[in-house]
Amino acid sequence: MSFFRTIFDSTLRKARSLEASGEHRAAAKLYAERGDKVDAGRCLVHVGDKATTLEGRLDAWHDALNFF
């Protein structure tokens, strides 16, 4: 089932494409819309890791914790 879901689910393909291109917040939004909370949280952890300010890191990590 997972293989076919990966092939035929356009939202999942779009989310993975965004994640691969480095747009983690947009990918997290798509994962959240699909109900993939772990993947959304994982993307938001990456957003926090790339943030340049302390506030940006804390905001992203707080959002990630809400999904985990």
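All residue numbers refer to positions in the sequence shown, counting from 1.
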Would you name the heavy atoms of Ala15 and Ala27 that are closest together and state the gap between them?
O-CB, 3.4 Å
May I have the list of side-chain donor-acceptor pairs in residues 34-47 shorter than 3.5 Å, sequence neighbours left out?
residue	atom	partner	partner atom	Å
Arg34	NE	Asp9	OD2	2.8
Arg34	NH1	Asp36	OD2	2.3
Arg34	NH2	Asp9	OD2	2.5
Asp39	OD1	Arg42	NH2	3.1
Arg42	NH1	Glu19	OE2	2.3
Arg42	NH2	Glu19	OE2	3.4

Within residues 48-68 or reaching into it, pairs that qualify as ring pair (Phe, Tyr, Trp, His ring centres under 6.0 Å) - sequence neighbours excluded
none
Side-chain hydrophobic cluster, 4.5 Å single linkage: members besides Leu30
Leu18
Once salt bridge (Lys or Arg N to Asp or Glu O under 4.0 Å) is applied, what residue pairs with a partner in residues 55-68 remain, sequence neighbours excluded?
Arg25-Asp63
Any side-chain heavy atom of Tyr31 sitting closer than 4.5 Å to one from His24?
no
